[in-house]
Amino acid sequence: MISFVWAEDENRVIGKDDTLPWKLPDDMKRFKEVTTGNPIIMGRKTFESFPNGPLPNRENIVITRNKNFSYPGVTVVNAISDIQMDTQKNYCVIGGAQIFELFKDLVDRLYVTKIHHEFSGDVLMIDLPWENFKLVSSEEGKVDEKNLWPHTFEVYDRK
Ligand SMILES: NC(=O)c1ccc[n+]([C@@H]2O[C@H](COP(=O)([O-])OP(=O)(O)OC[C@H]3O[C@@H](n4cnc5c(N)ncnc54)[C@H](OP(=O)(O)O)[C@@H]3O)[C@@H](O)[C@H]2O)c1
């Protein structure tokens, strides 16, 4: 199956200056819980936003048009048809917007963190056919001195 995992603000902002517009450790924790053990699929820009290279304990699959791109520990593909999908696995598409667009007709499950705040940014989440999805869980995130903005973890499954 294919899942999307992302966080967006009240205006669907997801990125700014090739990085995240916010620091929200509670969402990072959630991201780790959802994705660890699963292959993660991302665009080259999102991959390059990671400070320490590939994320551990997950197969990292990076999509680029650059035929010469390589990075230790990373599976590089030039098109989604190059990904050898194993039907037993949960492929987590983790962005950014260009890569969500490529998978939007294929995705089975959505893990979205809704951050109840407005940030400035330059990348928005794509339009999804929400009428084809149903909410299956909703959970409030933790707010404290390290997690300043209220946020909700929602999961949707394709109907
Ligand atoms: N809030 C969140 O949950 C979240 C999640 C992920 C990312 N982000 C943010 O989103 C921003 C990045 O998103 P983005 O949409 O600009 O970039 P992206 O999707 O991460 O990467 C774009 C790159 O993917 C490759 N690509 C795109 N379409 C392709 C295709 N059809 N075939 C082959 N390769 C293709 C190209 O790489 P080449 O240029 O190398 O060819 C392109 O430049 C950053 O600010 C990041 O921090 C936020």
Side-chain angles (χ1 to χ4, degrees), residues 2-36 38-56 58-85 90-128 130 133 137-139 141-143 146-156:
I2 297 176
S3 300
F4 282 5
V5 188
W6 82 98
E8 64 178 33
D9 85 345
E10 287 180 343
N11 300 314
R12 297 200 302 172
V13 165
I14 65 165
K16 185 184 184 187
D17 299 333
D18 288 330
T19 185
L20 295 177
W22 47 75
K23 199 159 176 278
L24 194 57
D26 194 44
D27 183 52
M28 305 285 267
K29 180 167 164 267
R30 160 80 169 186
F31 176 86
K32 190 172 170 190
E33 285 165 4
V34 170
T35 61
T36 296
N38 297 318
I40 52 174
I41 301 176
M42 73 205 92
R44 189 266 308 162
K45 287 190 183 178
T46 294
F47 174 68
E48 290 193 339
S49 76
F50 297 163
N52 302 312
L55 302 183
R58 283 150 275 195
E59 184 187 1
N60 284 234
I61 301 171
V62 173
I63 306 185
T64 173
R65 294 187 179 88
N66 179 352
K67 302 256 187 300
N68 299 315
F69 187 86
S70 74
Y71 197 101
V74 170
T75 303
V76 178
V77 297
N78 297 126
I80 62 173
S81 55
D82 294 343
I83 302 171
Q84 310 285 328
M85 291 272 185
N90 178 15
Y91 289 83
C92 293
V93 177
I94 63 162
Q98 294 184 36
I99 296 322
F100 289 130
E101 193 66 47
L102 294 180
F103 284 91
K104 79 172 177 183
D105 294 329
L106 302 172
V107 62
D108 304 294
R109 179 172 290 173
L110 311 172
Y111 292 92
V112 53
T113 304
K114 293 194 173 161
I115 304 174
H116 308 300
H117 190 79
E118 290 182 279
F119 294 85
S120 65
D122 51 22
V123 181
L124 293 181
M125 186 54 187
I126 63 164
D127 286 323
L128 287 170
W130 285 100
F133 291 89
S137 77
S138 179
E139 185 194 332
K142 181 173 75 174
V143 176
K146 292 196 172 118
N147 297 280
L148 299 180
W149 302 287
H151 51 288
T152 309
F153 302 119
E154 293 182 348
V155 183
Y156 294 79

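Everything numeric in this text was worked out from a predicted model, so none of it was measured. Just follow the structure's listing: the first ligand is 1, and inside any ligand the first atom is 1.
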Which residue and non-hydrogen atom of the protein lie closest to [atom], and at what distance in Å?
{"atom": "atom 5 (C) of ligand 1", "value": "I94 O, 3.2 Å"}
{"atom": "atom 17 (O) of ligand 1", "value": "K45 CB, 3.5 Å"}
{"atom": "atom 11 (C) of ligand 1", "value": "V123 CG2, 4.0 Å"}
{"atom": "atom 12 (C) of ligand 1", "value": "T46 OG1, 3.8 Å"}
{"atom": "atom 42 (C) of ligand 1", "value": "Q98 OE1, 3.3 Å"}
{"atom": "atom 48 (C) of ligand 1", "value": "I14 O, 3.0 Å"}
{"atom": "atom 45 (O) of ligand 1", "value": "T19 O, 3.0 Å"}
{"atom": "atom 14 (P) of ligand 1", "value": "A97 N, 4.0 Å"}

Between ligand 1 and [X], is the shortest N or O to N or O distance under 3.5 Å?
{"X": "D17", "value": "no"}
{"X": "G15", "value": "no"}
{"X": "L102", "value": "no"}

Which is closest to atom 29 (C) of ligand 1 in terms of heavy atoms, E101, R44, E8, R65?
R65
Counting heavy atoms only, which of G96, G95, S49, S81 comes nearest to atom 13 (O) of ligand 1?
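Looking at heavy atoms only, G96 sits closest to atom 13 (O) of ligand 1.
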For the residue pair F47 and F69, does the interplanar ring angle fall in the parallel (under 30°), tilted (30 to 60°) or perpendicular (over 60°) class?
perpendicular
Do [X] and [Y] have side chains that approach each other closer than 4.5 Å (heavy atoms only, starting at C-beta)?
{"X": "V93", "Y": "F100", "result": "yes"}
{"X": "N60", "Y": "M42", "result": "yes"}
{"X": "T35", "Y": "L55", "result": "no"}

Minimum heavy-atom separation for [X] to [Y], with atom names?
{"X": "T64", "Y": "N78", "answer": "O-ND2, 2.8 Å"}
{"X": "R58", "Y": "F31", "answer": "NH1-CE2, 3.9 Å"}
{"X": "H116", "Y": "K114", "answer": "NE2-O, 3.5 Å"}

Any idea which atoms of ligand 1 are less than 4.0 Å away from a heavy-atom of [X]?
{"X": "W6", "result": "3 (O)"}
{"X": "L20", "result": "1 (N), 2 (C), 4 (C), 47 (O), 48 (C)"}
{"X": "A7", "result": "1 (N), 2 (C), 3 (O)"}
{"X": "K16", "result": "45 (O)"}

Quick one: does W22 get within less than 4.0 Å of ligand 1, heavy atoms only?
yes
Side-chain donor-acceptor pair under 3.5 Å between H151 and D27, yes or no?
no
For I63, which part has a heavy atom under 4.0 Å from ligand 1: side chain, backbone, both, or neither?
both
Can you tell me which portion of N78 lies within the under-4.0 Å heavy-atom range of ligand 1? Options are side chain, backbone, both, or neither.
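Within the 4.0 Å criterion, N78 contacts ligand 1 through backbone atoms alone.
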With sequence neighbours left out, the residues meeting salt bridge (Lys or Arg N to Asp or Glu O under 4.0 Å) with K104 are E101
When the ring centroid of F103 is compared with that of F4, is the distance short of 6.0 Å?
no
Distance (rounded to the nearest 0.5 Å) between K45 NZ and D18 CG:
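Here the rounded value is 5.5 Å.
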Flag yes if more than 12 heavy atoms outside M85 fall under 6.0 Å of its CE atom; otherwise flag no.
yes
